[in-house]
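Remarks on the structure that follows.
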Amino acid sequence: MTERELVALALAARERAYAPYSHFKVGAALLCGGDAVYTGCNIENASYPCTLCAERVAAGKAVSEGRRDFTLLAVAGSAPEYCTPCGLCRQFLYEFAPDLRVLCADSAGHYEVHSLAELLQAGFGSASMAAGKSE
Ligand code: THU
C-alpha cells in the first residue's frame, strides 16, 4: 500500500460522507500493520455535537475489528487546502498511535505529511495518569 493509494481510498470514502449540515465531506483511510485498511467518512447529526469525524470512524472500525496497530492515516477533505485532523481526533488517535504518520490531503489528492507527535504536542496518554491515581 503506497501513500498515494491510501490517499485515494480516503478520497473514495469521502464520497460516502453524510454531511447535510456543513456540506464539507471528509474521508479517512487508516492502514494497520501493513495489511489492513479501515476507511471512514464524517457522519453528521441534527444535534451537531453528535457528529463523528471521518478519522474517528476509521479508527473505531479498526479497534472494533481487533486492530490497534495504526501505522499510516490519510485524511482528505473537500477544500483546496490540506485537511488536518481536528483536535479531538488527534487526541483519539494518540491513545493508540502516538507516533502515527498522517497524510493530510486536499480535494485533488495532493497531500502533505505530518507526524501525530507534531500535530499534537504533549498529548495526554495513560502514562500521564500513572503517577496521580488515588487508590
Ligand atoms: N471533520 C472531519 O471529519 N474530520 C476532521 O478532522 C475535520 C472535520 C468533519 C466534521 C464535520 O462533519 C465537518 O467536517 C465540518 O467540520
Side-chain angles (χ1 to χ4, degrees):
M1 174 66 56
T2 66
E3 289 184 354
R4 287 193 179 283
E5 287 170 339
L6 200 66
V7 168
L9 289 175
L11 283 165
R14 188 190 62 171
E15 295 309 311
R16 298 189 285 275
Y18 176 71
Y21 304 105
S22 73
H23 302 286
F24 188 79
K25 294 183 170 188
V26 182
L30 178 63
L31 178 67
C32 293
D35 61 313
V37 176
Y38 298 89
T39 59
C41 59
N42 53 331
I43 306 170
E44 298 186 343
N45 192 281
S47 178
Y48 292 5
C50 290
T51 291
L52 294 172
C53 289
E55 301 92 315
R56 276 178 291 129
V57 171
K61 284 168 69 177
V63 173
S64 69
E65 295 295 326
R67 299 299 297 256
R68 301 174 188 169
D69 52 342
F70 303 176
T71 50
L72 185 63
L73 172 71
V75 187
S78 299
E81 286 76 32
Y82 298 124
C83 187
T84 53
C86 78
L88 193 72
C89 287
R90 294 177 196 199
Q91 176 63 34
F92 192 90
L93 294 162
Y94 184 87
E95 177 73 19
F96 302 102
D99 298 319
L100 186 65
R101 186 175 161 86
V102 185
L103 312 176
C104 301
D106 64 18
S107 55
H110 306 116
Y111 64 92
E112 61 180 15
V113 183
H114 292 283
S115 66
L116 184 58
E118 167 204 336
L119 294 173
L120 182 70
Q121 291 182 25
F124 187 85
S126 58
S128 311
M129 286 189 288
K133 286 184 179 166
S134 55
E135 75 286 343

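When a ligand or atom number is given, it counts from 1 through the structure's own listing order. All heavy atoms count here, side chains included; hydrogens, waters and symmetry mates do not.
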Could you point out which residue of L103, L100, L31 forms a side-chain contact (heavy atoms from CB on, under 4.5 Å) with L73?
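Filter result, single survivor: L100.
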Numbering as shown, the atoms of ligand 1 that approach [X] to under 4.0 Å (heavy-atom distance):
| X | value |
| --- | --- |
| S22 | 13 (C), 15 (C) |
| E44 | 11 (C), 12 (O), 13 (C) |
| A54 | 2 (C), 3 (O) |
| E55 | 2 (C), 3 (O), 4 (N), 5 (C), 6 (O) |
| P85 | 6 (O) |
| T84 | 6 (O) |

Looking only at protein heavy atoms, which one is nearest to atom 9 (C) of ligand 1, and what is the separation?
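In this structure, atom 9 (C) of ligand 1 has N42 ND2, 3.6 Å as its nearest protein heavy atom.
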Among all the protein's non-hydrogen atoms, which is closest to atom 8 (C) of ligand 1, and how far away is it?
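Its nearest protein heavy-atom neighbour is C53 SG, 4.1 Å.
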Nearest heavy-atom neighbours spanning L72 and E3:
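Taking every non-hydrogen atom into account, CD2-CG, 4.2 Å.
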With rounding to the nearest 0.5 Å, note down the distance linking [atom1] in [X] to [atom2] in [Y].
| X | Y | atom1 | atom2 | result |
| --- | --- | --- | --- | --- |
| L116 | R101 | CG | CZ | 13.0 Å |
| T39 | L11 | OG1 | CG | 12.0 Å |
| E81 | S107 | CD | OG | 8.5 Å |
| C104 | H110 | SG | NE2 | 15.0 Å |

[X] to ligand 1: N or O pair under 3.5 Å?
| X | value |
| --- | --- |
| V26 | no |
| T51 | no |
| C86 | yes |

Q121 CD: over 12 foreign heavy atoms closer than 6.0 Å
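It does not: Q121 CD has 12 such atoms or fewer within range.
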Under 4.0 Å from atom 6 (O) of ligand 1, do we find at least one protein heavy atom?
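When distances to the protein are checked, atom 6 (O) of ligand 1 has a heavy atom within 4.0 Å.
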Of F96, F92, Y38, Y94, the residue whose pairing with F70 passes ring pair (Phe, Tyr, Trp, His ring centres under 6.0 Å):
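Of F96, F92, Y38, Y94, ring pair (Phe, Tyr, Trp, His ring centres under 6.0 Å) with F70 is met by F96 alone.
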